[in-house]
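Just so we're clear, the structure is a prediction, and the values are computed from it rather than from any experiment.
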Amino acid sequence: MQVTVEKPEQGLEHKITVTFPSDEMNSQIEKRLNEIRRKVKMDGFRPGKVPLSVVKQRHGEQVKQEVMGEKIQQTFYDAVAQESLKVAGYPMFDELDDKDGSITFTARFETYPEITVPEFSGVKAEKITAEVTDKDVDNMINRLREQRMAWKPSKSAAKKAKKGEQVIMDFVGKIDGVAFENGSAENVPLELGSGRMIPGFEDGIIGMKKGEEKTIEVTFPEEYQSEELKGKTATFDITVHSISTKELPEIDEEFVKSFGIEAGTEEALRNEIKENMAKELARAVQNQNRTAALDALQEIVDVQLPKSLVDQEVQNLMNNMAQNLQQQGMKPEDLNMSADHFQADAEKRVKLGLIMGDIIRANNIVASDEDVDAFIQEQASSYEDPSEVVNWYKQNPQAMNEIKAIIVENSIAEKILSEAKVKEVKKSFEEVVNTAA
C-alpha cells in the first residue's frame, strides 16, 4: 500500500492518495460470487449448480461495487492509522482509478484539532451555594395544601369578589353592540387573577357581588389568535352567580398519611419534604455548577472546529427536535426548521466535547461501576419503588451511557472548580430550582 498525504497550510482538511494491489479484492469478489452460486435459485438449474459464469453475468457488477466499497473503506482507515492521523467525521472519496493490477483513490477528510487546555487556575467561574430553609418547607406544604383545596361558596350577599377568589358567571361579548362568535358562555368558573382571560377582563369583575350585573370594556391584544378580534375593543355583559373562597385542608393525620407518611404527624411531613427538597436542590446546584464550570472553561480555550463534526451535530439536534415534536403530535415540517437555528448550539457542543475529551485523556477520568451504582441509587431513592427504577436503568444501555457521561462531566467540573478562581453566589431554593426547570 502506497500512501501520500497532503496537509493543509491552514484549516483541518487533509487529502490522501492511496494505491493498493487489486489481487486481494479480486479474490474476495470471486469468493463472494461462489457464495451466491451455492445459494441462488435460477430456473433450469438445480440449487448450487448454477454456472459461475451465469452468476457473474447477473451479480458480478453489484458484487464488485460492494467489495470495492468495503475494501476502499478498510484501506482508507488502515492508511490514516499508518500515518497517525485522527479522522474527524466521515471522509469524502473523490477519485478512483482501477487499472494495471492496482487501485488508486483519493479522499478528503478533516482531522481532530490540536487542543491546548490551559491551567484551570486561569478559569473564572461562579459557584452556587444554597440550602433548604424552614420557609422553603412552609411554601412547599402550602403548595400541597393548595393542590387539595376546595372552593367554599360565600353565603353573604354583601361579599365582594377579590383576587384569588372564584366566581361562577355568565358573560356575553359584543363589538359595536353586536354579539360575536364564541364570545358568550354560561356558568363559567373563573379564579380572579389567574390570567386565563384577556387583560382587563378579570380586573373588571373584582368588587362585584353575587347576583350583580355589569358591563365591562376590554381591548383584545394585537397578538390575539383570532384575526377578527385582534386589537378590537369589546364590551362584556357580566352576571356573577356566586363567589367562592379557597378552603385549604388542615395539616392533620389524614392529610399527612395521604402522602404515604405513616407517622401521620406534621413533623414527619416536614422532615420528609425537607429531605426530598434537599435532594432536588443538590441535583440542581450540581447541574448548574457543572454547566457554569464547563462554560467558563470554553471561554478561554480556542479550538478550530471540524466542520464535519459540527454538521453531524446540527443534524443530530434537528433529528432530536423532530422526534420531540412528533411525540407531541406536531409536524416538524410545519415549523420550517433550518440548520442555521442549531448552528451555534452545535458548535458549542462540539467544542465542549473536544475539550473534555482532551481533559479525560490527560487525567484518565472514568465513571467507575461504583460511581454509576451510587448515581442510580440516589436517583431511585426519590421514587416509591427504587428497585424498579434501578432495574430500568440496568436494562437501558442508552440511559447507562448518559449516566456515565454525566458522572465524567461532574468530575471534570469539580476539578475545574477546585483549581479555578471561584466566586461563590448564594441563592435561594426557588432561584435554583426554578432556573433548573
Tell me whether the count of non-hydrogen atoms from other residues, nucleotides or ligands lying under 6.0 Å of [atom1] in [X] goes above 12.
| X | atom1 | value |
| --- | --- | --- |
| F259 | CZ | yes |
| K307 | NZ | no |
| D176 | CG | no |
| Y90 | OH | no |
| K348 | NZ | no |
| E419 | CD | yes |
| N34 | CG | yes |
| M149 | CE | yes |

Would you indicate whether the side-chain heavy atoms of [Y] and [X] approach each other to under 4.5 Å?
| X | Y | result |
| --- | --- | --- |
| M356 | L294 | yes |
| K64 | D98 | yes |
| L354 | L305 | yes |
| I103 | T75 | no |
| D134 | K274 | yes |
| I251 | V256 | yes |
| T215 | K174 | no |
| T133 | S428 | no |

Exercise. Going through the distances and angles, do E228 and F180 end up as a side chain to side chain contact (heavy atoms under 4.5 Å, CB included)?
Worked result: CA-CA 10 Å; E228 294 77 13; F180 57 87; over 6 Å; no
[Y]/[X] salt bridge by N-O under 4.0 Å criterion:
| X | Y | result |
| --- | --- | --- |
| K230 | E227 | yes |
| R32 | E70 | yes |
| D203 | K163 | no |
| K56 | E30 | yes |
| D371 | K404 | no |

For this session: Under the salt bridge (Lys or Arg N to Asp or Glu O under 4.0 Å) rule, what do K351 and E347 come out as? Steps first, then yes or no, please.
Result: CA-CA 6 Å; K351 181 178 180 180; E347 290 176 356; over 6 Å; no
Looking at every heavy atom in both [X] and [Y], which two are closest together, and how far apart are they?
| X | Y | answer |
| --- | --- | --- |
| V67 | M25 | CG1-CG, 3.5 Å |
| G89 | S308 | CA-OG, 3.7 Å |
| L12 | P8 | C-CG, 4.2 Å |
| E126 | A292 | O-CB, 3.8 Å |
| P306 | T111 | CG-O, 4.0 Å |
| A268 | A263 | CB-CB, 3.8 Å |

To the nearest 0.5 Å, tell me how far [X] [atom1] sits from [Y] [atom2].
| X | Y | atom1 | atom2 | result |
| --- | --- | --- | --- | --- |
| E272 | L269 | CD | CG | 8.0 Å |
| I403 | M400 | CD1 | CE | 6.0 Å |
| I407 | E370 | CD1 | CD | 10.5 Å |
| T17 | Q2 | OG1 | CD | 11.0 Å |
| I128 | Q288 | CD1 | CD | 4.0 Å |
| I261 | F255 | CD1 | CZ | 9.0 Å |

Problem set entry | side chain to side chain contact (heavy atoms under 4.5 Å, CB included) between R290 and L417, worked out | CA-CA 9 Å; R290 178 180 69 238; L417 293 175; over 6 Å; no
Judged by modelled atom types alone, do [X] and [Y] share a side-chain donor-acceptor pair under 3.5 Å?
| X | Y | answer |
| --- | --- | --- |
| Q323 | Q327 | no |
| N319 | Q315 | yes |
| T219 | T233 | yes |
| S387 | D385 | yes |

Problem set entry | ring pair (Phe, Tyr, Trp, His ring centres under 6.0 Å) evaluation trace for F201 with F171 | CA-CA 11 Å; F201 188 98; F171 62 83; 5.6 Å; yes
For this session: Carefully, step by step, assess K124 and E299 under the rule salt bridge (Lys or Arg N to Asp or Glu O under 4.0 Å).
Result: CA-CA 9 Å; K124 296 179 181 179; E299 290 296 322; over 6 Å; no
Problem set entry | ring pair (Phe, Tyr, Trp, His ring centres under 6.0 Å): pairs with one or both residues in residues 103-126, sequence neighbours excluded | H14-F109, F76-F109, F93-F105
For this session: I would like to know whether R283 and Q286 meet side chain to side chain contact (heavy atoms under 4.5 Å, CB included); could you show each step before the answer?
Result: CA-CA 5 Å; R283 292 170 191 156; Q286 185 179 53; 5.9 Å; no
Exercise. Can you list the steps and then say if K246 with E191 is a salt bridge (Lys or Arg N to Asp or Glu O under 4.0 Å)?
Worked result: CA-CA 10 Å; K246 289 181 180 179; E191 181 180 349; 3.3 Å; yes
Problem set entry | Residue pair L96, I72: steps toward the side chain to side chain contact (heavy atoms under 4.5 Å, CB included) verdict | CA-CA 10 Å; L96 176 63; I72 288 175; 3.6 Å; yes
For this session: Any chance you could lay out the salt bridge (Lys or Arg N to Asp or Glu O under 4.0 Å) test for D373 and K394, step after step, and finish with the verdict?
Result: CA-CA 10 Å; D373 287 341; K394 297 287 188 182; 2.7 Å; yes
